[in-house]
Amino acid sequence: MLDLRVPSGWFFALLGAILLAYGILFPDARAALTDSNVDLYSGISMLVFGVFLLLMAWRGARHPS
C-alpha cells in the first residue's frame, strides 16, 4: 500500500524547489501590491513541508504499527 505522504511530499518538495530557485534567480519579480519576494518565501515553506512529509513517510515505513 502506498503512503500518501510520499507523492505529496515529492510534489511539495519539487514545487518548493522550483519556486525557491525562481525567487533567488529573479528577485525583482514581485507580486502586485507587495514589496516582499513571495516566490522565495513560499518556496522555502513548501520545500520544508515536502521534506517533512517525506521524513514522516520514511519514519512510518521503518516503524510500521
Side-chain angles (χ1 to χ4, degrees):
M1 188 165 108
L2 180 66
D3 190 358
L4 188 58
R5 292 174 290 195
V6 174
S8 298
W10 281 115
F11 172 75
F12 279 106
L14 179 64
L15 192 59
I18 291 170
L19 283 174
L20 180 64
Y22 186 78
I24 291 171
L25 294 175
F26 302 105
D28 294 333
R30 305 265 188 231
L33 302 175
T34 186
D35 291 329
S36 63
N37 194 345
V38 177
D39 293 326
L40 180 69
Y41 298 130
S42 61
I44 290 170
S45 63
M46 290 176 81
L47 183 61
V48 167
F49 181 66
V51 169
F52 174 74
L53 285 177
L54 289 172
L55 285 174
M56 291 297 106
W58 176 71
R59 184 175 177 226
R62 281 186 49 210
H63 303 292
S65 298

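Every heavy atom of this structure was used, including side-chain atoms; hydrogens, water molecules and symmetry mates were not. None of these values were measured; they are calculated from a predicted model.
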Side chain of Asp39, backbone of Leu19: donor and acceptor closer than 3.5 Å? no
Would you please name every residue forming a side-chain contact (heavy atoms from CB on, under 4.5 Å) with Ala57, sequence neighbours left out? Asp3, Arg5, Val6
Run the side-chain donor-acceptor check on residues 45-54: report pairs under 3.5 Å with partners two or more places apart or on a different chain.
| unit_1 | atom_1 | unit_2 | atom_2 | d |
| --- | --- | --- | --- | --- |
| Ser45 | OG | Tyr41 | O | 3.3 |
| Ser45 | OG | Ser42 | O | 3.0 |

Can you hop from Tyr22 to Leu25 via hydrophobic side chains spaced under 4.5 Å? yes
Any non-hydrogen side-chain atom of Arg30 less than 4.5 Å from a side-chain atom of Val38? no
Please determine whether residues Ile44 and Ile24 belong to a single hydrophobic cluster, defined as Ile, Leu, Val, Met, Phe, Trp and Tyr linked transitively by side-chain heavy-atom distances below 4.5 Å. yes
